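What follows is a single structure, written as C-alpha cells, with notes after it.
In this text the structure is predicted, and so the values were computed from the model without any measurement.
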Amino acid sequence: MSQKQGAAPASGAKKTFGVPAAVSIGIGGMAGGSIFAVVGIGGSVAGSALPLAMIISGIVALLASYSYAKLGSKFPTTGGAVEFLVQGYGKGVVSGGFNIFQWLGYVLSLALYGHAFAGYLVSLLGQSDRNSVVEKLIACGLLVVFALLQYGGTAVVGSAQKWIVSLCVLILVGFGIAGLFFLDPSRLGQGGFEGPVSILFAAGIVFIGFEGFGLVTNTAGAMKNPKRQLPIALYASVGIVIVIYVIVAITVVGNLALSQITQYEGFALAEAMGSFAGQFGIVVISVTALFATASAVNATMFGSANASYQIARDQELPKTFDRKVWSPNAREGLFITAALAILAILFLDITAVTMLGSAAFLLLYAAVNLGHLRIREKTGAKVLMIWASIVSCLVIFGFLSVYIYQTRGLLTLILIVALLVFSFVVEAILRNTEYRKPKTTAPKA
C-alpha cells in the first residue's frame, strides 16, 4: 500500500471507501470465513445451545464495537485499533506491546482461515486424513497467494470483497433457511447440551468468528465521512453476522446429532447441508467455504498489512516493516505476517488456533476499552458502555481459559500468556534500540 493509504489521509487525499465496502470487509472477516470452522468446533461443546452461545459472543462483539465506533469517528485512520491504543495509552511500552499482540492475533486468524480453506478442499476431494501434510501445504499456499494479491492495493481489496462476500452470504442464508424445514426439533432441546457453563465455554471459542469487525475501522481513514459512516458499518456488519450465525447454528444442530458435529467438526456445516440436500449440498457449501475463507484471508491480510504499516510509521515495530518490496504498494510487513501465519499452521491444529485466537482478541478488546476510558471525554462515549465491554470480554476470556486448561492442558494456556508477555518484552527491548525514537508523550485525558 502507498504511504497515503497507510496513514490518515490528508484533506486532499482520495477517499475510496463507502459503507457497503466497509461492511463487506467486516462481514468478510467474520461470516466470510470463521463460520465454516467455528460452527463445528463450538457445536461440539455447546451442542443444541450453540445458537445461544453465538448470541452471547455476538453481544460481546457489539459492546466492543461501540468503543471502536466512537474511537474511529474521533481518530479516523487506516490503522484502526493501532491508533486507538496509541491515543489511549500514549506512545509507550503499553500501546506498543498491545499493538504487537494485536498483530499476533491477526496471525492466528490467518492461520485459522488457512486451516479451514485447506480442510474443506481436502474433504471435497474425498480425503479423510485430517491435519495431513498436504492440507497444511494447501493452507500455506493460500496465504502466499493472497500476500501477493495485496500488491493491488485498497481498491482491489474493496471491489473483490463486495462480490465474494455477497455471494457467500447469499448461499449461507439460503442454506440456513432451507435447513430450518428439515431439522429435527428434538435435537434443539435441553438434553442436547451439558449445562450453562458449556454455553459460556462455546461463546469464548466462537468469539474469533466476530473479531473481523475490527477490520472495519481500518477503512475509516479512507471514508468521506467516518463520523457517520463508520458506526453504521460497524453495527451493520456485526448485526448481520449475528443473524447469519444464529440461523446457521440452528440448522446445523437441528440436522446433525452431537456425535456427528463432533466427528466432522471443521466440516460440520457441509455435512449438515448434505443431510437434507445430498452430495450436491455438500459440494455447494464446500465450494462456498473455499471462496469465503479465501475472502477472509483477503480482508484480514488487508487489515493486518495496514496495521503493520502504521505501527512501523509510529515506530511500534522494527523498521523492516516499513521498507518497500518490489513496488510502492507492497511492504515487508505483509509478507512477514504471512510467514508467521504459515508457522502457526504448521505447528498448531485448527482447534488450538481457534481458541488461542479468540483469547487474544478478547484481551485486545478489553485493552482497547481500558485505554478508551482515559480519553472518553474526547470521544463522548458513555462510561457504562465502555465498562460493559471490558467486563464482558474478561468474563468470556475467563471461561475460555478454564476450557483451554481442561481440554488442551496447561501448555496451551501458557502459550497465550507467553504471546502477551513476548509482545511487551519485545516492545521494551526495541525501545532501547536504534529503531525507536519516541516523538510524543502520552495524550492528555
Side-chain angles (χ1 to χ4, degrees), residues 23 26-27 29-32 34-35 38-39 41-43 45-72 81 84 105 109 169 172-173 176 188 193 195-217 230-253 354-355 357-370 372-373 381-403:
V23 170
I27 296 177
M30 292 183 283
S34 296
I35 191 170
V38 302
V39 164
I41 297 173
V45 177
S48 62
L50 178 62
L52 181 56
M54 292 293 190
I55 292 174
I56 293 173
S57 196
I59 290 174
V60 175
L62 272 176
L63 289 171
S65 68
Y66 172 80
S67 267
Y68 272 59
K70 290 292 185 179
L71 289 164
F84 305 158
S109 293
V169 169
L172 277 174
V173 172
L188 300 174
F193 68 99
V197 175
S198 67
I199 300 175
L200 294 173
F201 284 161
I205 293 171
V206 303
F207 185 77
I208 195 171
F210 291 96
E211 64 82 14
F213 81 81
L215 297 175
V216 177
T217 61
L230 183 61
I232 294 174
L234 276 167
Y235 300 144
S237 60
V238 176
I240 290 171
V241 168
I242 290 176
V243 173
I244 294 172
Y245 272 31
V246 171
I247 291 176
V248 171
I250 292 174
T251 294
V252 170
V253 299
T354 299
M355 292 190 293
S358 290
F361 281 102
L362 284 166
L363 287 177
L364 176 67
Y365 294 148
V368 170
N369 276 277
L370 283 169
H372 190 185
L373 283 174
K382 297 180 180 179
V383 176
L384 182 60
M385 291 294 292
I386 299 176
W387 273 112
S389 180
I390 295 171
V391 172
S392 64
C393 285
L394 293 180
V395 167
I396 296 300
F397 172 77
F399 278 100
L400 177 59
S401 297
V402 171
Y403 184 77

Q: Search all heavy atoms of S48 against all heavy atoms of P51 and return the closest pair with its distance.
A: O-CD, 3.4 Å
Q | Close side-chain approach of V173 and V243, heavy atoms under 4.5 Å | A | no
Q: Go through I242 and I59 one step at a time and tell me if the side-chain contact (heavy atoms from CB on, under 4.5 Å) criterion holds.
A: CA-CA 9 Å; I242 290 176; I59 290 174; 5.7 Å; no
Q. What's the shortest heavy-atom distance between V23 and A236, and which atoms?
A. CG2-CB, 4.2 Å
**Q.** Short side-chain to backbone donor-acceptor contact, S389 and I386, under 3.5 Å
**A.** no
Q: For F213 and Y365, run ring-ring contact (aromatic ring centres under 6.0 Å, His included): C-alpha distance rounded to whole Å, both residues' side-chain angles, the deciding distance at 0.1 Å, then the answer.
A: CA-CA 11 Å; F213 81 81; Y365 294 148; 5.0 Å; yes
Q: Check whether any side-chain heavy atom of V39 lies under 4.5 Å from a side-chain heavy atom of M54, and answer yes or no.
A: yes
(Q) Keeping S67 on the side-chain end and L63 on the backbone end, is there a donor-acceptor pair under 3.5 Å? (A) no
Q) Measuring from T217:OG1 to L71:CG, what's the distance to the nearest 0.5 Å? A) 9.0 Å
Q | Residue pair F397 / F361, side-chain heavy-atom distance below 4.5 Å | A | no
Q: Evaluate the criterion side-chain contact (heavy atoms from CB on, under 4.5 Å) for residue pair N369 and Y66; output intermediate values, then yes/no.
A: CA-CA 10 Å; N369 276 277; Y66 172 80; over 6 Å; no
(Q) Measuring from atom OH of Y68 to atom OH of Y235, what distance do you get when rounded to the nearest 0.5 angstrom? (A) 13.0 Å
(Q) Would V60 and L362 count as a side-chain contact (heavy atoms from CB on, under 4.5 Å) here? Give the steps. (A) CA-CA 9 Å; V60 175; L362 284 166; 4.3 Å; yes
Q. Taking all atoms of both residues into account, what is the closest heavy-atom pair of G26 and V216, and its distance?
A. CA-CG2, 3.5 Å
Q: Write down the atom of G42, the atom of L50, and the distance for their closest heavy-atom approach.
A: C-CD1, 3.7 Å
Q) For the atom pair CD1 (I205) and CD1 (I396), what is the distance rounded to the nearest 0.5 Å? A) 11.0 Å
(Q) Contact between C393 and L363 at the side-chain level, heavy atoms closer than 4.5 Å - yes or no? (A) no
Q: Enter the distance from Y403:OH to L400:CG here, rounded to the nearest 0.5 Å.
A: 9.5 Å
Q | Over all atoms of both residues, closest heavy-atom pair of A203 and A53 | A | CB-O, 3.7 Å
**Q.** M385 CE to L62 CG distance, which is reported to the nearest 0.5 Å
**A.** 8.5 Å
Q: Report yes if the side chains of V238 and L234 come closer than 4.5 Å at any heavy-atom pair, otherwise no.
A: no
**Q.** V206/S358 under side-chain contact (heavy atoms from CB on, under 4.5 Å): CA gap, chis, key distance, verdict
**A.** CA-CA 7 Å; V206 303; S358 290; over 6 Å; no
Q. What pair of heavy atoms forms the shortest contact from S57 to F210, and how long is it?
A. OG-CD1, 3.6 Å
Q. From I27 CD1 over to I35 CD1, what is the distance, rounded to the nearest 0.5 angstrom?
A. 11.5 Å
